[in-house]
Chemist: 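I'd like to ask you about the structure that follows.
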Amino acid sequence: MRALAVYNVKGGVGKTSVSVNLAWLAAREGRRALLWDLDPQGAASFLFRVDGPGKGAGKRLVRGKWELSDLLRGTDFPGLDLIPADSSYRKLDLALAEAGRPARRLADLIAPLVAGYDFLFFDCPPSLSVLAEAVFALSDALLVPTVPTPLSLRALEQLAVHLSDKKREHLQVLPFLSMVDRRKRIHRSSEWIRQRSPFPILGAEIPYLSHIEEMGLRRAPVPVYAPASPGARAYGELWEEVRGRL
Ligand SMILES: Nc1ncnc2c1ncn2[C@@H]1O[C@H](COP(=O)(O)OP(=O)(O)O)[C@@H](O)[C@H]1O
Ligand SMILES: [Mg+2]
């Protein structure tokens with residue numbers, strides 16, 4: 001199983017949208033995909049129409065009262081399962097910190113599920129927390145949706161410093177341009193960010209499109225309700241490129 005964390009310290013950059021679409025694309029190819037929604041906002045769970053795990057889930061998981069498989073849910077799509085989140089995940093971070101050895105604990109939680117899946121996607125909350133650290137330790141790649149603005153470049157630079165301090169050489173960092181709005185000049189010519197980024201930025205880009213934003217209304221991955229759309233094509237190209245790197 002390959003583990004892919006979708007991460008950015010910034011919120012609202014397209015993490016959940018890309019997690020949902022790539023996990024769906026993996027499953028459509030006949031791979032077994034698991035998406036773990038780690039964000040207390042539970043947006044990925046909402047998009048797949050799956051209810052949250054219920055009160056105390058974060059703490060119970062970390063303390064070994066619940067197993068991860070207790071939380072495992074199917075989706076409407078064959079081959080694609082979900083571990084949902086809700087506000088109880090606010091405590092996950094604290095519980096992991098209190099328990100000690102957070103990466104070990106997270107690895108132990110996942111271990112029984114590893115044989116059942118080809119890909120595990122983590123839809124991460126936007127913070128550089130104990131949880132994020134543990135996810136980095138367990139992941140093969142970090143997919144970083146990056147809106148082409150100067151502050152996003154700064155976030156990539158900070159991530160590079162952070163990862164080199166923590167000696168995370170095993171982790172492939174794969175930024176890609178997200179929510180690219182062709183009406184904006186710095187979005188149109190993205191060479192400046194490609195040249196200055198501390199990590200090579202993938203070639204595939206996700207444009208800013210209203211039919212992608214509609215995902216919140218449709219509550220399904222883009223290719224399900226708009227199979228021939230530019231958004232569906234962009235996620236397809238991104239998945240192909242990411243899969244080639246794993
Ligand atoms: N490529 C896109 N084009 C238009 N809207 C988008 C795009 N990607 C995400 N959105 C919208 O932007 C908001 C934030 O996206 P989301 O994927 O939830 O980001 P994050 O998980 O990083 O907070 C959501 O309302 C989502 O529908
Ligand atoms: Mg999100």
Side-chain angles (χ1 to χ4, degrees), residues 4-25 35-50 52-53 58 82-90 92-93 120-129 131-132 135 139 142-149 151-156 158-159 173-184 186-188 190 193 201-239 241-242:
L4 194 71
V6 181
Y7 175 81
N8 192 318
V9 72
K10 296 164 87 68
V13 296
K15 292 184 295 297
T16 296
S17 304
V18 80
S19 308
V20 162
N21 283 287
L22 296 200
W24 183 89
L25 284 161
L35 172 56
W36 189 353
D37 184 354
L38 284 170
D39 190 334
Q41 295 179 77
S45 311
F46 173 83
L47 292 172
F48 279 121
R49 304 164 187 261
V50 173
L82 178 81
I83 297 167
D86 59 23
S87 59
S88 69
Y89 270 43
R90 279 179 299 126
L92 190 55
D93 217 52
L120 168 59
F121 293 87
F122 294 105
D123 183 16
C124 297
S127 63
L128 196 47
S129 56
L131 173 63
V135 167
S139 296
L142 205 61
L143 195 57
V144 188
T146 299
V147 181
T149 66
L151 287 179
S152 301
L153 175 62
R154 189 158 177 267
L156 286 178
Q158 288 167 337
L159 180 64
V173 183
L174 305 173
F176 67 94
L177 299 182
S178 177
M179 302 173 92
V180 178
D181 186 346
R182 297 257 150 223
R183 290 167 303 182
K184 297 179 182 165
I186 56 169
H187 283 221
R188 247 189 338 263
S190 54
I193 193 166
I201 295 183
L202 295 177
E205 310 185 352
I206 306 299
Y208 189 91
L209 294 166
S210 51
H211 65 265
I212 295 182
E213 196 164 26
E214 270 172 37
M215 229 178 21
L217 290 173
R218 307 279 196 148
R219 296 179 73 183
V222 175
V224 171
Y225 63 84
S229 64
R233 202 178 325 124
Y235 283 121
E237 286 168 8
L238 179 64
W239 174 235
E241 194 174 358
V242 168

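Just so you know, ligand 1 is whichever comes first in the structure, and atom 1 is the first atom listed for that ligand.
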Chemist: Report yes or no: is the cationic atom of R182 (NZ for Lys, CZ for Arg) closer than 6.0 Å to the six-membered ring centre of Y208, at no more than 45° off its axis?
Modeler: no
Chemist: Within the 4.0 Å heavy-atom shell around V13, which atoms of ligand 1 are there?
Modeler: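 Heavy-atom distances to V13 below 4.0 Å select 19 (O), 20 (P), 22 (O).
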Chemist: Mind checking whether K15 has an N or O less than 3.5 Å away from an N or O of ligand 1?
Modeler: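 For ligand 1, there is an N or O atom that lies under 3.5 Å from one belonging to K15.
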Chemist: Could you check whether atom CD of E214 has more than 12 heavy atoms from other residues, nucleotides or ligands sitting under 6.0 Å from it?
Modeler: yes
Chemist: Assess G12 for proximity to ligand 1: is some non-hydrogen atom of it under 4.0 Å away?
Modeler: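 Yes; G12 lies near enough to ligand 1 that a heavy-atom distance drops under 4.0 Å.
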Chemist: Counting only protein N/O/S, how many atoms fall short of 2.8 Å from the Mg ion (ligand 2)?
Modeler: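 Counting protein N, O and S atoms closer than 2.8 Å to the Mg ion (ligand 2) gives 1.
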Chemist: Taking only heavy atoms of P207 into account, list the atoms of ligand 1 that are under 4.0 Å away from them.
Modeler: 1 (N), 2 (C), 3 (N)
Chemist: Considering only protein heavy atoms, which is closest to atom 13 (C) of ligand 1, and at what distance to one decimal place?
Modeler: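 I find the closest protein heavy atom is M179 CE, 4.5 Å.
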Chemist: What atoms of ligand 1 come within less than 4.0 Å of a heavy atom belonging to I206?
Modeler: 1 (N)
Chemist: Side chain or backbone, does G14 bring an N or O within less than 3.5 Å of an N or O on ligand 1?
Modeler: yes
Chemist: Mind checking whether L209 contacts ligand 1 via backbone (N, CA, C, O), side chain (CB onward), both or neither, at a 4.0 Å heavy-atom cut-off?
Modeler: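 The backbone, only.
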Chemist: Heavy-atom contact under 4.0 Å between M215 and ligand 1?
Modeler: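 M215: no contact with ligand 1 (<4.0 Å).
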Chemist: Side chains of S152 and T149 only: does a donor on one sit below 3.5 Å from an acceptor on the other?
Modeler: yes
